[in-house]
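Single-structure report; data block below.
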Amino acid sequence: MQAASEVEPATLAVVTRAVPSAKSLEEGNRVMRGNWLKAIEDHHFQYSGVCDIRDILDVGCSVGVSTRFLADRFPSAQVTVSFARNVSDI
């Protein structure tokens, strides 16, 4: 699957633009993903009033890079994924 082989380089390209002050790609990825996960937590708490995230639906997850970060950050959550084989399936 071509998309799967392109995911990591594409992610790293985004990281270098999003976190130009990072001293390494790994640091930039931690910062970028950390900010994204914190935003999810803040949004959830703001609108639900509870801290515990129990259910996650990752729509359009492709090969699951973000899904892995979600599952690691919220280990007690039930994670459900949905992906399309082609853009026209969305």
Side-chain angles (χ1 to χ4, degrees):
M1 174 183 262
Q2 182 180 359
S5 66
E6 296 173 352
V7 168
E8 195 65 23
T11 298
L12 295 178
V14 169
V15 167
T16 59
R17 289 187 185 100
V19 190
S21 62
K23 297 193 184 344
S24 69
L25 292 175
E26 292 77 20
E27 177 189 356
N29 198 25
R30 279 194 312 275
V31 169
M32 186 178 75
R33 298 290 183 176
N35 290 341
W36 170 69
L37 293 165
K38 177 75 170 114
I40 290 170
E41 287 177 310
D42 291 348
H43 180 84
H44 175 74
F45 181 73
Q46 179 182 355
Y47 291 97
S48 72
V50 296
C51 293
D52 187 35
I53 295 178
R54 296 180 300 219
D55 297 293
I56 297 171
L57 173 60
D58 190 355
V59 177
C61 67
S62 182
V63 296
V65 174
S66 295
T67 308
R68 184 182 66 222
F69 282 92
L70 288 164
D72 289 347
R73 180 67 171 252
F74 309 109
S76 63
Q78 173 67 41
V79 180
T80 303
V81 298
S82 172
F83 66 95
R85 293 189 186 278
N86 300 303
V87 174
S88 62
D89 293 340
I90 299 174

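No hydrogens, no waters, no symmetry mates; every other heavy atom, side chains included, goes into these values.
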So the salt bridge (charged side-chain N to carboxylate O under 4.0 Å, His left out) pairs with at least one residue in residues 35-53 (sequence neighbours excluded) are K38-D42, E41-R73

Among the clusters formed by ILVMFWY side chains lying less than 4.5 Å apart, do V19 and V14 turn up in the same one? yes

Could you state whether L25 and V31 fall into the same hydrophobic cluster, counting links through intermediate Ile, Leu, Val, Met, Phe, Trp or Tyr residues with side-chain heavy atoms under 4.5 angstrom apart? no

Measuring from atom CG of D58 to atom CZ of F69, what distance do you get when rounded to the nearest 0.5 angstrom?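 Taking CG in D58 and CZ in F69, the distance rounds to 12.5 Å.
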
Can you find a pair of side-chain heavy atoms, one from F74 and one from L37, that are under 4.5 Å apart?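 SC-SC contact between F74 and L37 confirmed.
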
Below 4.5 Å, heavy atoms only, C-beta onward: do I40 and I56 meet side chain to side chain? no

Could you pull out the closest heavy-atom pair between [X] and [Y], with the gap in Å?
{"X": "G28", "Y": "V15", "answer": "C-CG1, 3.3 Å"}
{"X": "S66", "Y": "R33", "answer": "OG-NH1, 2.9 Å"}
{"X": "M32", "Y": "A18", "answer": "SD-CB, 4.0 Å"}

